[in-house]
Amino acid sequence: MKVGILGGGQLGRMLLQAAANYVVETYVLEDDANCPAGHLCHHFVKGNIKDFDAVYNFGKQLAALTIEIESVNIEALEKLESEGVKIYPSPSAIKIIKNKIRQKDFYTQNAILTPDYVVTNSKHDLRHNESFLPAVHKIGEGGYDGKGVVVLKNESDIEKGFNAPAILEKMVAIKKEIAVIVAMNNKKETAVYPATEMVFDPYLNLLDYQVSPAELSKSILNKANKIALKLVTAFNSAGLFAIEMFVDENNKVLVNETAPRVHNSGHHTIEANYCSQYDMLWRIILDYPLGNTNAIMPSSIVNIIGAENQSGKAKYEGLNDVLKMKNTFVHLYGKEQTKPGRKMGHVTVMSKDRNELVEKAKEIKNKLKVIA
Ligand code: ADP
């Protein structure tokens with residue numbers, strides 16, 4: 001079966017690693033021939049995933065298509081779908097999720113609890129909503145990994161806001177940030193992964209480390225699972241979805257955002273769960289039974305991120321020390337060049353002892369540096 005991936009970044013790379021266990025002919029569409037997934041697929045096609053012709057011509061030769069990022073050309077996917085190419089997830093789900101305004105409205109329409117918000121179209125609109133501050137301003141389209149999100153504490157911050165369609169979201173008193181990954185196949189059968197707990201670096205606005213399964217009461221975890229399932233059922237699309245949620249100080253569970261694809265919050269599933277999120281997506285695409293989402297052992301993940309003030313050919317300082325650590329798994333994404341804040345890889349740690357998971361995550365963070 002010929003299956004294409006739109007985007008050739010690290011998620012595409014890990015998806016292709018999992019594909020090696022199946023009989024599947026893989027295609028990748030990506031602008032950059034040196035991308036992390038480029039040399040792992042059977043057929044690399046150079047082209048822009050946002051361009052109609054590039055996506056359409058790429059897709060029309062394939063039985064199925066999936067994405068590793070949502071900033072893709074939807075019109076091309078809709079046309080391909082109408083011509084019989086299977087798209088995971090459906091273009092209608094990607095279309096909703098791709099735009100944060102549409103995404104938030106979808107939550108409201110489907111009675112999914114989400115932080116309060118108003119839609120703004122310009123900085124001028126922000127001035128009319130000063131009473132909404134402190135709030136988080138999120139650009140409707142094009143934001144990624146913390147870019148496209150700014151905190152507006154008071155009216156003196158309004159200049160930092162976006163002069164484009166965006167949502168202004170009430171600041172939530174967050175107790176924990178979690179993510180729940182849900183798989184749904186063509187028969188509408190579902191499988192839910194244990195929640196992951198994320199701890200963010202306030203400086204870079206990128207993931208600092210994460211621990212799975214999340215340490216929360218059974219009742220909160222049940223609530224989160226129910227919401228995640230309800231949401232994926234509402235999207236009514238086969239595929240894999242990561243639902244990012246906030247647990248607030250009153251233990252309310254609010255949906256922050258959804259990713260309609262394999263997700264960073266599921267990297268640990270490669271070693272720490274019976275069926276990884278990547279394997280799961282292949283099972284869905286190839287119409288095989290869903291896999292077992294249970295954790296084999298608790299785990300933590302540290303992202304390997306380009307060090308401050310370091311740009312150029314990447315070198316990994318402290319890699320030998322980390323490779324010597326027990327039950328520790330290093331994944332480098334094969335990116336030749338590093339720059340500050342760039343995601344260069346991740347490390348998964350497994351242990352039954354939660355303290356050890358956090359301690360080792362911190363130790364790795366201190367030991368392993370990406371320099372130029
Ligand atoms: P991105 O799409 O760039 O990942 P998010 O919407 O997930 O952006 O926001 C990034 C981070 O900003 C979140 O993980 C959270 O820590 C913080 N954040 C986002 N929205 C809120 C909110 N309403 N209240 C408090 N913190 C928020």
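Heavy atoms only: backbone and side chains are in, while hydrogens, waters and symmetry mates are out. Just follow the structure's listing: the first ligand is 1, and inside any ligand the first atom is 1.
Residue Glu169 approaches ligand 1 through these ligand atoms, each under 4.0 Å from one of its heavy atoms: 20 (N), 21 (C), 22 (C), 23 (N). Ligand-side atoms of ligand 1 in range of Glu244: 7 (O), range being under 4.0 angstrom from any heavy atom. Every atom of ligand 1 with a heavy atom of Lys138 under 4.0 Å away is listed here by number and element: 6 (O), 19 (C), 20 (N). Residue contact check: Val149 has heavy atoms under 4.0 Å from atoms 3 (O), 8 (O) of ligand 1. Interface of Met171 with ligand 1, defined as ligand atoms under 4.0 Å from a residue heavy atom, comprises 24 (N), 25 (C).
A heavy-atom separation below 4.0 Å is not found between Met198 and ligand 1.
Every residue two or more places apart in sequence or in another chain that forms a salt bridge (charged side-chain N to carboxylate O under 4.0 Å, His left out) with Glu363 is listed here: Lys367. With sequence neighbours left out, Tyr56 forms a side chain to side chain donor-acceptor pair (under 3.5 Å) with Glu83.
Under 4.0 Å is where a charged nitrogen must lie from a carboxylate oxygen, and between Lys176 and Glu197 at least one such pair does.
Contacts of Val172 with ligand 1, taken as heavy-atom pairs under 4.0 Å, involve both backbone and side chain. Contacts between Ile174 and ligand 1, counted as non-hydrogen atom pairs separated by less than 4.0 Å, involve the side chain only. Of all the heavy atoms of Glu257, the ones lying under 4.0 Å from any atom of ligand 1 belong exclusively to the side chain.
A distance-only check finds no donor-acceptor pair linking the side chain of Thr338 to the backbone of Ile371 [under 3.5 Å]. Looking at Asn273, its side chain never comes within 3.5 Å of a backbone N or O of Cys275 through a donor-acceptor pair.
Taking the six-membered ring where tryptophan is involved, the planes of Tyr333 and His346 are tilted, since the angle between them lies from 30° to 60°.
Of the listed residues (Glu78, Glu70, Glu141, Glu75), just one forms a salt bridge (Lys or Arg N to Asp or Glu O under 4.0 Å) with Lys95, and that residue is Glu78.
Between Glu177 and ligand 1, a contact under 3.5 Å exists for at least one N or O pair.
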